[in-house]
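Only one structure is covered here, and it is reproduced in the block below.
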2 protein chains.
Amino acid sequence: MPKIVNHDQRRELLAEAAWRVIRREGLEGVSVRRVAEEAGMSLGSLRHYFVTQSELLAFSMQMVSDRVNQRIMKLAFNGNPRHDIEIVIRELMPLDEERRAEAEVWLAFSVRAQVDAALKELSQEVHGSLYDGFRKMIDMLVKMKLTPEDIDAEQETKRLHALVDGLVVHCVLNPERLDSDEIWRIVMYHLDRIIVNR
Amino acid sequence: MPKIVNHDQRRELLAEAAWRVIRREGLEGVSVRRVAEEAGMSLGSLRHYFVTQSELLAFSMQMVSDRVNQRIMKLAFNGNPRHDIEIVIRELMPLDEERRAEAEVWLAFSVRAQVDAALKELSQEVHGSLYDGFRKMIDMLVKMKLTPEDIDAEQETKRLHALVDGLVVHCVLNPERLDSDEIWRIVMYHLDRIIVNR
DNA sequence: TGTTTTTTAATACACATGTATTATTAAGAA
DNA sequence: TTCTTAATAATACATGTGTATTAAAAAACA
């Protein structure tokens with residue numbers, strides 16, 4: 001029987017190499033040769049795991065979403081709305097190096113998804129999932145009467161969603177002007193204003 | 001004497017062609033050949049106006065910023081804070097086709113500026129100018145005592161800035177889920193909450 | 001009309017790219 | 001150890017790219 005290597009693990013290793021190239025040189029710098037070199041592998045080897053460049057890119061994008069989802073599923077929710085909301089949002093923002101890498105790579109893929117049909121579906125799906133997640137947070141707050149009386153759940157959801165993503169984009173594109181501590185403080189500031197203490 | 005053409009006008013025509021290519025195929029689709037073809041011009045002609053591709057890209061990015069600034073400078077401010085804030089923000093969001101084109105192109109350039117030193121400066125400069133603009137709006141509101149007492153001007157500025165840009169990004173990347181009417185409604189919703197009527 | 005100068009067009013070249021093909025290597029079971 | 005098969009490496013090819021060079025065309029003034 002043949003030499004056995006963990007196929008999925010190898011694909012993740014290559015996708016991680018792709019992430020590094022994206023962060024360093026942008027998505028337009030991701031040639032199959034460069035990713036193979038970054039992974040310390042030959043072109044032919046890469047091709048055993050990804051037959052086309054499109055496959056490599058789609059997998060690399062999907063991996064961002066998967067990693068974030070995996071972390072969120074492992075979170076220790078305690079039933080306190082403010083706490084549970086905070087720990088979810090924390091997984092979505094570039095507050096440490098791991099999350100920062102994901103945010104940078106995700107932004108690059110999101111922009112490309114505008115003109116690449118193969119990536120569009122995942123982009124839309126994740127946007128929808130995030131909206132649904134934020135919506136659940138807001139609905140929970142409303143249900144527990146922890147919000148001001150005059151709020152509109154849908155508007156509040158879209159506002160929170162846009163604020164979080166806006167902060168992520170600002171932090172990724174202008175880290176000198178807005179560091180990770182600061183964006184987290186602004187999220188706290190916002191939550192302070194939509195969650196009332198009764 | 002030679003044939004006379006308006007040099008600057010020609011450069012804008014080429015930059016507009018570049019915008020169209022960016023919107024259709026992404027920034028990675030912008031080769032000098034494709035832009036020349038899109039402008040109905042030969043490669044050699046393009047080269048008379050932009051010696052390198054970098055020049056073309058830098059000019060095309062700068063033109064986004066210039067166009068928005070020009071519109072803002074022509075606005076009819078009337079001294080009513082809410083009105084004046086609204087008409088400025090309206091120029092920054094993809095509420096019609098012209099502004100939508102600018103938003104899409106600007107986002108593409110912003111992401112590339114992360115890995116392209118020639119574009120980084122403008123990206124940062126515009127981010128700073130926007131922050132300063134939003135800061136002036138908030139300061140004006142505070143000065144006129146139109147805000148709740150417990151607000152923090154810096155935090156409110158960053159919140160508004162991130163919210164606006166977050167909505168722009170959402171509308172550009174997911175127009176099916178969030179159209180221009182909706183993002184404007186959310187801006188209004190936010191302003192309703194930071195501007196009190198006394 | 002003829003002259004001058006800019007604009008335009010055409011071609012060339014070196015290089016990077018995605019993909020395909022072929023030979024070589026390595027690992028595990030008989 | 002030997003054999004089988006997957007994994008790896010090397011090479012090839014057509015295409016698109018940025019840039020440079022050279023020839024042709026067009027326009028305005030004398």
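Please read all numbers here as calculations on a predicted model, not as lab measurements. Quick note on labels: first sequence line is chain A, next is B, and so on, each numbered from 1.
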Show me the side-chain donor-acceptor pairs of residues 16-31 of chain B shorter than 3.5 Å, one per line, residues at least two apart or across chains.
{"residue": "E16(B)", "atom": "OE2", "partner": "R67(B)", "partner atom": "NH1", "Å": "3.4"}
{"residue": "E16(B)", "atom": "OE2", "partner": "R67(B)", "partner atom": "NH2", "Å": "2.9"}
{"residue": "W19(B)", "atom": "NE1", "partner": "S60(B)", "partner atom": "O", "Å": "3.2"}
{"residue": "R20(B)", "atom": "NE", "partner": "E38(B)", "partner atom": "OE2", "Å": "2.7"}
{"residue": "R20(B)", "atom": "NH2", "partner": "E38(B)", "partner atom": "O", "Å": "3.4"}
{"residue": "R23(B)", "atom": "NE", "partner": "E104(B)", "partner atom": "OE1", "Å": "2.8"}
{"residue": "R23(B)", "atom": "NH1", "partner": "E97(B)", "partner atom": "OE2", "Å": "3.0"}
{"residue": "R23(B)", "atom": "NH2", "partner": "E97(B)", "partner atom": "OE2", "Å": "3.1"}
{"residue": "R23(B)", "atom": "NH2", "partner": "E104(B)", "partner atom": "OE2", "Å": "3.4"}
{"residue": "R24(B)", "atom": "NH1", "partner": "E38(B)", "partner atom": "OE1", "Å": "3.1"}
{"residue": "R24(B)", "atom": "NH2", "partner": "E38(B)", "partner atom": "OE1", "Å": "2.9"}
{"residue": "E25(B)", "atom": "OE1", "partner": "R34(B)", "partner atom": "NE", "Å": "3.0"}
{"residue": "E28(B)", "atom": "OE2", "partner": "R112(A)", "partner atom": "NE", "Å": "3.4"}
{"residue": "S31(B)", "atom": "OG", "partner": "R34(B)", "partner atom": "N", "Å": "3.1"}

- Item | With T52(B) via side-chain contact (heavy atoms from CB on, under 4.5 Å) - residues at least two apart | S54(B), E55(B)
- Is any side-chain N or O of S45(B) closer than 4.0 Å to OP1 or OP2 of dA9(C)?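 Answer yes for this pair, as a side-chain N or O of S45(B) is under 4.0 Å from OP1 or OP2.
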Rounded distance in Å - [atom1] ([X]) to [atom2] ([N]):
| X | N | atom1 | atom2 | value |
| --- | --- | --- | --- | --- |
| R11(A) | dA7(D) | CZ | P | 12 Å |
| M41(A) | dA26(C) | CE | P | 16 Å |
| E37(B) | dG16(D) | CD | C1' | 13 Å |
| L56(A) | dT19(C) | CG | P | 10 Å |
| E55(A) | dG18(C) | CD | P | 14 Å |
| L46(B) | dA20(D) | CG | P | 13 Å |
| H48(B) | dT19(D) | NE2 | P | 16 Å |
| L57(B) | dT17(D) | CG | P | 13 Å |

Atom pairs under 3.5 Å: protein N/O with N/O of nucleotides 21-23 of chain C:
none

Mind checking what makes salt bridge (Lys or Arg N to Asp or Glu O under 4.0 Å) contact with [X], not counting sequence neighbours?
| X | value |
| --- | --- |
| D181(A) | none |
| R135(B) | D139(B) |
| E121(A) | none |
| E98(B) | R71(B) |

Between [options], which one does the side chain of [X] approach most closely?
| X | options | answer |
| --- | --- | --- |
| Q53(A) | dT7(C), dT17(D), dG18(C) | dG18(C) |
| S42(A) | dA7(D), dA9(D), dG18(D) | dA9(D) |
| H7(A) | dT8(C), dG18(C), dA7(D) | dA7(D) |

Short N/O separations, protein against nucleotides 11-13 of chain D, under 3.5 angstrom:
{"residue": "dA12(D)", "atom": "N6", "partner": "R33(A)", "partner atom": "NH2", "Å": "3.4"}

- Looking at R185(A) and D192(A), does any basic side-chain N land under 4.0 Å from a carboxylate oxygen? no
Side-chain donor-acceptor contacts of residues 157-167 of chain B below 3.5 Å, not counting sequence neighbours, with atom names and distances?
{"residue": "T157(B)", "atom": "OG1", "partner": "A153(B)", "partner atom": "O", "Å": "2.7"}
{"residue": "K158(B)", "atom": "NZ", "partner": "E182(A)", "partner atom": "OE2", "Å": "2.8"}
{"residue": "K158(B)", "atom": "NZ", "partner": "E154(B)", "partner atom": "OE2", "Å": "2.7"}
{"residue": "R159(B)", "atom": "NE", "partner": "E156(B)", "partner atom": "OE1", "Å": "3.4"}
{"residue": "R159(B)", "atom": "NH1", "partner": "H190(A)", "partner atom": "ND1", "Å": "2.8"}
{"residue": "R159(B)", "atom": "NH2", "partner": "E156(B)", "partner atom": "OE1", "Å": "3.2"}
{"residue": "R159(B)", "atom": "NH2", "partner": "E156(B)", "partner atom": "OE2", "Å": "3.2"}
{"residue": "H161(B)", "atom": "NE2", "partner": "D165(B)", "partner atom": "OD2", "Å": "3.4"}
{"residue": "D165(B)", "atom": "OD2", "partner": "H170(A)", "partner atom": "NE2", "Å": "2.6"}

- Does anything in residues 16-31 of chain A reach DNA chain C, meaning a heavy atom under 4.0 Å, and if so which residues? V30(A), S31(A)
- Item | Pairs where residues 54-109 of chain B contributes a residue and the test ring pair (Phe, Tyr, Trp, His ring centres under 6.0 Å) is met, not counting sequence neighbours |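 Counting only pairs at least two positions apart or across chains, the ring pair (Phe, Tyr, Trp, His ring centres under 6.0 Å) contacts touching residues 54-109 of chain B are F50(B)-F59(B).
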- Message: Would you say CD of Q155(A) has more than 12 non-hydrogen atoms from neighbouring residues, nucleotides or ligands within 6.0 angstrom?
- Response: yes
- In this structure, are over 12 heavy atoms from other groups packed under 6.0 Å from E12(B) atom CD? yes
- Name all residues meeting the ring-ring contact (aromatic ring centres under 6.0 Å, His included) criterion together with Y189(A); count only those two or more places apart in sequence or in a different chain, and write none if there are none. none
